[in-house]
Amino acid sequence: MIELINVCKKYPTRKGWRTVLNDVNLRIEKGQKVGILGRNGAGKSTLIRLLGGVEPPTSGRIVRDMSISWPMAFSGGFQGSLTGMDNLKFICRIYDADIEKVAAFTEDFAELGDYMREPVKKYSSGMRARLAFALSMAIEFDCFLIDEVTAVGDARFNKKCQIELFEKRKDRAMILVSHNAKQIKQQCDSACVLHSGKLHAFSTMDEAFDFYNCTL
């Protein structure tokens with residue numbers, strides 16, 4: 001179970017504090033798949049970062065009784081001067097994962113070849129995303145955070161990603177941020193809408209999309 005309890009997130013600006021998330025409550029059970037909708041700037045990525053522990057909430061609590069992935073294809077945590085393999089080893093130590101097993105899967109899945117032994121700062125953005133996605137699949141999580149970045153690489157590689165995440169791990173919980181109505185309806189059990197700092201939950205997908213369309 002993952003639960004957000006009265007979560008608030010504020011950021012300082014030149015004109016004072018800006019509230020991005022205001023008294024947000026959400027509960028995700030094991031295996032549940034929730035879609036998050038919202039206009040650009042509504043706070044979707046902020047919510048994902050808070051769930052993943054990248055940032056703390058300003059107030060409120062986040063209870064995590066499941067292991068949670070970093071935001072899918074989020075490569076900001078890589079150390080640019082280290083090689084892809086050295087970054088992999090560092091991440092394995094953090095998550096207490098088997099380095100040889102993770103390395104074998106990642107090298108095969110990411111298809112980076114000799115670049116695995118090159119500094120990450122030499123990678124293109126696509127290569128960094130492929131490495132991050134492969135690492136997310138190589139280390140087992142109970143819940144995956146997906147922030148509108150499942151289209152990694154060309155059509156063939158993207159198809160491989162879709163199968164690895166949505167078919168092979170269909171028993172896992174997922175929180176999917178996307179503007180793609182078709183994708184959310186295909187992959188999620190329910191949907192919420194972030195609007196004016198509040199998270200609105202709905203009993204059906206159609207109700208969620210009707211509300212979301214009214215906010216555009």
Side-chain angles (χ1 to χ4, degrees), residues 1-80 87 90-91 93-96 125 128-129 132-133 135-136 139 141-150 172-180 184 188-203 207-209 211-216:
M1 179 268 291
I2 302 166
E3 188 171 12
L4 283 75
I5 305 170
N6 303 325
V7 167
C8 178
K9 184 63 180 180
K10 299 180 180 181
Y11 293 100
T13 71
R14 292 180 180 180
K15 295 184 178 181
W17 287 89
R18 176 173 179 260
T19 300
V20 178
L21 300 175
N22 185 17
D23 197 28
V24 169
N25 292 277
L26 178 67
R27 184 184 178 98
I28 298 103
E29 302 290 348
K30 185 177 181 180
Q32 186 178 1
K33 296 168 179 61
V34 179
I36 306 290
L37 296 156
R39 294 185 299 176
N40 290 335
K44 302 185 302 298
S45 294
T46 298
L47 178 61
I48 288 290
R49 290 197 299 272
L50 264 59
L51 284 163
V54 178
E55 296 182 34
T58 304
S59 62
R61 292 192 300 129
I62 301 177
V63 179
R64 303 176 182 89
D65 288 335
M66 294 190 287
S67 60
I68 308 174
S69 77
W70 51 84
M72 196 64 64
F74 175 76
S75 52
F78 290 141
Q79 213 293 325
N87 274 282
F90 179 73
I91 290 170
R93 293 187 185 103
I94 292 175
Y95 288 95
D96 194 27
S125 58
R128 290 168 68 98
F133 191 97
L135 278 170
S136 297
I139 298 174
F141 296 103
D142 299 318
C143 179
F144 287 94
L145 303 178
I146 309 163
D147 190 3
E148 292 188 288
V149 285
T150 54
R172 313 299 169 83
M174 294 182 187
I175 302 169
L176 172 60
V177 169
S178 178
H179 292 288
N180 189 322
I184 284 186
C188 298
D189 308 314
S190 60
C192 301
V193 180
L194 263 177
H195 180 62
S196 298
K198 298 287 188 179
L199 187 66
H200 303 266
F202 299 88
S203 57
E207 288 178 334
F209 279 101
F211 181 83
Y212 170 62
N213 289 331
C214 290
T215 69
L216 297 177

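Side chains included, hydrogens not; waters and symmetry mates left out as well; all remaining heavy atoms used.
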Check your understanding: Can you find a heavy atom in the side chain of Val34 that is under 4.5 Å from one in the side chain of Cys192?
Key -> yes

Practice item. Answer yes if the side chains of Arg49 and Thr46 hold a donor-acceptor pair under 3.5 Å, and no otherwise. Key: yes

Check your understanding: Do Leu135 and Tyr95 touch side chain to side chain, with heavy atoms closer than 4.5 Å?
Key -> no

Review point. Rounded to the nearest 0.5 Å, how far does CG of Leu176 lie from NZ of Lys44?
Key: 11.5 Å

Practice item. Give the minimum heavy-atom separation between Leu145 and Ser69, together with the two atoms involved. Key: N-OG, 3.0 Å

Point to revise | Chi angles and distances behind the side-chain contact (heavy atoms from CB on, under 4.5 Å) call for Leu199, Leu194 | key: CA-CA 5 Å; Leu199 187 66; Leu194 263 177; 3.8 Å; yes

Check your understanding: Do the non-hydrogen side-chain atoms of Arg61 and Glu3 ever get within less than 4.5 Å of each other?
Key -> no

Review point. So does Asp96 have more than 12 non-hydrogen atoms from other groups sitting under 6.0 Å from CG?
Key: no

Point to revise | Separation between OG1 of Thr215 and CG of Asn213, rounded to the nearest 0.5 Å | key: 7.5 Å

Practice item. For the residue pair Phe202 and Phe211, categorise the inter-ring angle as parallel (less than 30°), tilted (30 to 60°) or perpendicular (more than 60°). Key: tilted

**Study point:** Residues, nucleotides or ligands: over 12 heavy atoms within 6.0 Å of Phe90 CZ
**Key:** no

Practice item. Give, for atom CD1 of Ile36 and atom CD1 of Ile184, the distance between the pair rounded to the nearest 0.5 Å. Key: 8.0 Å

Exercise for review: Tell me, with the steps shown, if Lys30 and Asp142 meet side-chain contact (heavy atoms from CB on, under 4.5 Å).
Suggested key: CA-CA 7 Å; Lys30 185 177 181 180; Asp142 299 318; 5.6 Å; no

Point to revise | salt bridge (Lys or Arg N to Asp or Glu O under 4.0 Å) contacts in which one or both residues fall within residues 8-21, not counting sequence neighbours | key: Lys9-Glu55

Review point. Do Asn6 and Ser59 come within less than 4.5 Å of each other through their side chains, counting heavy atoms only?
Key: no

Exercise for review: Taking all heavy atoms of Gly35 and all of Cys188, pick out the closest pair and write down the distance.
Suggested key: N-SG, 3.5 Å

Check your understanding: If you measure from CD1 on Ile28 to CD1 on Ile68, what distance do you get to the nearest 0.5 Å?
Key -> 8.0 Å

Point to revise | Over all atoms of both residues, closest heavy-atom pair of Leu37 and Ala191 | key: CD1-CB, 4.4 Å

**Study point:** Nearest-0.5 Å distance, CG of residue Asp23 to SG of residue Cys8
**Key:** 8.0 Å

Check your understanding: Arg93: what forms a side chain to side chain contact (heavy atoms under 4.5 Å, CB included) with it, not counting sequence neighbours?
Key -> Lys89

Exercise for review: Please step through side-chain contact (heavy atoms from CB on, under 4.5 Å) for the pair Ser45 and Val177, ending with a clear verdict.
Suggested key: CA-CA 8 Å; Ser45 294; Val177 169; 5.6 Å; no

Practice item. Could you pull out the closest heavy-atom pair between Trp70 and Ala132, with the gap in Å? Key: NE1-O, 3.7 Å

Study note, to complete from the structure: Smallest heavy-atom separation, Leu51 atom then Arg64 atom, equals O-NE, 3.0 Å

Practice item. Kindly give the heavy-atom pair with the smallest separation between Ser67 and Phe141, and that separation in Å. Key: OG-CA, 3.4 Å

Point to revise | For Asn22, all residues meeting side-chain hydrogen bond (donor to acceptor under 3.5 Å, both in side chains), sequence neighbours excluded | key: none

**Study point:** CD1 on Ile139 to CD1 on Ile91, rounded to 0.5 Å
**Key:** 6.0 Å

Review point. When you look at Met174 and Ile146, which way does the side-chain contact (heavy atoms from CB on, under 4.5 Å) test go after all the steps?
Key: CA-CA 7 Å; Met174 294 182 187; Ile146 309 163; 4.0 Å; yes

Point to revise | Side chain Lys33, main chain Arg172, donor-acceptor under 3.5 Å | key: yes

